[in-house]
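Single-structure report; data block below.
Below, chain A is the first sequence line, B the second, and so on; all start at residue 1.
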Amino acid sequence: MSNAEFTPTPNFIKAIIANDLETNKYGGRVHTRFPPEPNGYLHIGHAKSICLNFGLALEFKGRCNLRFDDTNPSKEDVEYVESIKTDVRWLGFDWEDREYYASDYFPQLYEFALRLIRKGKAYVDDLSAEKIREYRGTLTEPGKESPYRNRSPEENLALFERMRSGEFPDGSRVLRAKIDMASPNLNLRDPVMYRILHAEHHRTGNAWCIYPMYDFAHGQCDSIEGITHSICTLEFEDHRPFYDWVLDNLPVPCHPQQIEFARLNLNYTVMSKRKLLELVDKAYVRGWDDPRLPTLAGLRRRGFTPEAIRAFAETVGVAKRESMVDMALLEHCLREDLNRRAQRVMAVLRPLKVVITNYPEGRVEEMDAENNPEDPGAGTRKLPFSREIFIEQDDFREDPPRKFFRLSPGREIRLKHAYYIRCDEVVKDAQGRIVELRCSYDPESRGGGTRDNRKVQGTSHWVSVAHAVNAEVRLYDKLLSVPDAAAEKEEKDFKEYLNPGSLEILKGCKVEPSLAAAGPGRFFQFLRQGYFCVDADSTPEKPVFNRSVTLRDSWAKIEKAQQDK
RNA sequence: UGGGGUGUGGCCAAGCGGUAAGGCAUCGGCCUUUGGAGCCGAGAUUCGGAGGUUCGAAUCCUCCCGCCCCAGCCA
């Protein structure tokens, strides 16, 4: 991976690891893991975790495992494990041969459970789910012990074996840790270790009908893999005592350290798996890879690069306080990356025809155009210029407001890489809509400059009518119309805040001929407008582009300021 | 009102007893054949609040306040 893409920020986890290394806590080893549950697609929040875990391994010369936390067959699926692997790889990380599954450890976990039963530290409880909840007590009141809590190890062993063999229906019994029903930490009030689930698992099939709970399984999986630092999100902080309890009471190879950090929140979007699933399932969006979603598949289709996402993950930092990061930062990271790399091209999104009356009919000139001013090595290309061209509708105003430095009647602008033109006449249709501009050009200005060095109003991009390729362009905007749906005064369902303008499809766009051949995944800067990528739907006959992010637009700011006045 | 966390400019975030890094955003200016990019500059007398310790506190102590998480046989 590139090293110069960002400057590492110190954070408390790095400090802990550096200290552990100094004290030789794990014999100089650093081993992390990224443990997704394959029950949905990965999103930008997961990217933060992936970058953290794999990044730590890279920085401290350790390793990072990919482990699927697949302990609940009722929600998980192979489609998700495949998408997760694709996304992690795409982000630029390599787990080498260390692809693990919690389900690989089911036999081992079962043995550990037996051991706890024999030690009198776990018991089979016949209480119903409702009863268990009742017996758990409340935040302020202690719980009550289950009447089945003091069964003998022999009886528990026999019962647990029968649970495993499928004798009991779902929900009829659970295996619980025997800890303390009066603990102020509810996670220690005899947490459930195993539940009965007659469900087919995507990997183990029907080999099991009892499945371990996350809390019981996670620490052991970490230990079996030799994990040193088990990094998770804040909500697991209360679970740490049980994580430690499990490891302390079992003959495990090592005792990893659980460290919690604050998950990423981004404004103007949704980040919960539940909400993303709902948007996909109920077709509010086109799928998991809809470019409006913060899923990695969506961001990829939108045109985000792994480099930009990694830079973003590094920039937002890692801390323990809950925060809401501004979408503008994510966009900034993309622009910064693409500015260096994207080839500049001409594309007119909302065409306005311009006839250059003093330019010879039938004549075509090949203008030299630089591909990327940020990268001289990117070279140049030829752009066909002729008597009739398209410019952007926004680049002309019949009655220009103050500070509008573009074309208007009588004014002169530069056509990038071509000539200066002056607007002589505005042609309108019966409804009074502007349909064409008649302009004249200055033959002296070829290439975009003149000997007298006179200033022009501005510089516009353009495409020759005869050479233009028709394209569809999809413009994306914020998924939500409010920064934080949960913070709105009246608590409506988040779908009420979906931005109706999050997708705008432009059909009649005109792009320079070189773009016809661009295949899916290629990205460009459409001069003066933004960064765009070729969508998966694109074909040579019908090119389709996605707007990944706009360019910073100071005219838009001025205009807005003028309107606000 | 039990337990666990957390409060540094609009948004993130360094800092760990020696007198407030950095990024995003914002606002100025320069520059410019992208109103892009780039460059320069501005902004917290102040670190949730109040006390205290100290020559000296965002950093230590005390009390108070706010916000988040926990009562799944989800992860």
Side-chain angles (χ1 to χ4, degrees), chain A residues 6-7 9-11 15 35-37 39 69-72 74-76 125 127-129 132-134 136-143 170-176 183-189 191-197 210-211 213-215 217-218 232-241 260 262 264 267 273-274 314-333 335-336 339-340 344 370 372-374 403-406 414-418 420 445 447-449 456 458-461 483 525-530 550-558:
Chain A
F6 47 68
T7 46
T9 315
N11 65 51
E37 182 188 13
N39 68 343
D69 220 325
D70 55 351
T71 55
N72 186 352
S74 62
K75 294 185 176 177
E76 298 151 7
D125 196 346
L127 249 29
S128 66
I132 286 182
R133 192 184 317 125
E134 218 177 291
R136 188 152 30 226
T138 68
L139 294 178
T140 51
E141 298 158 319
D170 287 4
S172 59
R173 266 165 252 254
V174 291
L175 182 71
R176 293 230 257 170
S183 172
N185 181 346
L186 302 240
N187 294 296
L188 259 23
R189 318 243 263 227
V192 173
M193 291 162 56
Y194 268 93
R195 75 283 218 184
I196 301 171
L197 236 40
I210 55 171
Y211 292 92
M213 299 287 289
Y214 164 88
D215 283 317
H218 206 83
C232 63
T233 43
L234 252 28
E235 66 272 25
F236 291 103
E237 211 146 17
D238 288 341
H239 298 231
R240 195 171 63 223
E260 311 84 11
L264 172 71
N267 59 16
K273 278 191 182 179
R274 198 211 93 223
E314 186 65 29
T315 306
V316 295
V318 177
K320 294 196 69 160
R321 75 183 83 108
E322 303 265 9
S323 59
M324 174 81 78
V325 173
D326 197 332
M327 186 62 87
L329 180 60
L330 215 209
E331 296 186 337
H332 162 80
C333 292
R335 287 192 192 102
E336 193 171 55
N339 175 50
R340 292 192 297 255
R344 274 59 170 173
E370 62 186 346
N372 184 352
E374 301 297 314
K403 292 186 178 173
F404 180 82
F405 299 137
R406 296 179 186 183
R414 169 170 42 235
L415 295 175
K416 179 85 174 171
H417 302 312
Y420 290 1
S445 62
V456 289
T459 303
S460 283
H461 56 279
Q525 183 194 102
F526 284 5
L527 222 65
R528 302 206 302 134
Q529 309 199 83
T550 61
L551 246 29
R552 292 187 69 218
D553 187 349
S554 49
W555 164 241
K557 269 183 212 168
I558 293 168

Take nucleotides 23-28 of chain B nucleotide by nucleotide from the 5' end and write B, S or -, depending on whether a protein heavy atom sits under 4.0 Å from the base, only from the sugar-phosphate, or from neither. SSSSS-
Would you indicate which nucleotide in [options] comes nearest to any side-chain atom of [X]?
| X | options | value |
| --- | --- | --- |
| T138(A) | rA71(B), rA75(B), rA37(B) | rA71(B) |
| P10(A) | rA14(B), rC74(B), rA71(B) | rA14(B) |
| T140(A) | rU6(B), rU1(B), rU34(B) | rU1(B) |
| K75(A) | rA13(B), rA37(B), rC74(B) | rC74(B) |

Distance between the [atom1] atoms of [N] and [M], in whole angstroms?
| N | M | atom1 | result |
| --- | --- | --- | --- |
| rG43(B) | rG23(B) | P | 15 Å |
| rC67(B) | rG29(B) | P | 42 Å |
| rG38(B) | rA25(B) | P | 10 Å |
| rA13(B) | rU6(B) | C1' | 15 Å |
| rU19(B) | rG7(B) | C1' | 22 Å |
| rG17(B) | rG3(B) | P | 30 Å |
| rC70(B) | rG18(B) | C1' | 41 Å |
| rU46(B) | rG15(B) | C1' | 14 Å |

Students often get this wrong, so: under 4.0 angstrom with heavy atoms, is [X] touching a base, only sugar-phosphate, or nothing?
| X | answer |
| --- | --- |
| V456(A) | nothing |
| R344(A) | base |
| Y420(A) | nothing |

Does a donor on one side chain and an acceptor on the other come within less than 3.5 Å for N185(A) and S183(A)?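 The criterion, which ignores hydrogens and geometry beyond distance, is not satisfied for S183(A) and N185(A).
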Check: N39(A)/E37(A) side-chain N/O donor and acceptor closer than 3.5 Å: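 Yes, E37(A) and N39(A) have a side-chain donor paired with an acceptor closer than 3.5 Å.
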Could you tell me which nucleotide pairs with [N] by Watson-Crick or G-U wobble geometry, both distances under 3.5 Å, or answer none if nothing does?
| N | value |
| --- | --- |
| rU6(B) | rG66(B) |
| rA20(B) | none |
| rC60(B) | rG52(B) |
| rG38(B) | rC30(B) |

Would a line drawn from the ring center of F404(A) to the ring center of W555(A) be shorter than 6.0 Å?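 Yes, the ring of F404(A) comes within the 6.0 Å limit of the ring of W555(A), centre to centre.
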What N/O pairs connect the protein and nucleotides 68-70 of chain B at under 3.5 Å? Give each pair on its own line.
from	atom 1	to	atom 2	distance (Å)
rC68(B)	O2'	E322(A)	OE2	2.8

More 5' along RNA chain B: D69(A) or W555(A), using each one's nearest nucleotide?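 The residue closer to the strand's 5' end, by nearest nucleotide, is W555(A).
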side-chain N/O [X] vs [N] OP1/OP2, d < 4.0 Å:
| X | N | value |
| --- | --- | --- |
| R414(A) | rU34(B) | no |
| R321(A) | rU8(B) | yes |
| S323(A) | rC11(B) | no |

Ignoring hydrogens and angles, answer whether the base of rU34(B) and the side-chain atoms of Q529(A) contain a donor-acceptor pair closer than 3.5 Å.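 No pair found.
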Rounded to the nearest 0.5 Å, what separates atom NE2 in H332(A) from atom OG1 in T315(A)?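 That separation rounds to 7.0 Å.
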Can you list the residues that meet the side-chain contact (heavy atoms from CB on, under 4.5 Å) rule with L186(A), with sequence neighbours excluded?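 side-chain contact (heavy atoms from CB on, under 4.5 Å) check on L186(A) returns R136(A), L139(A), R189(A).
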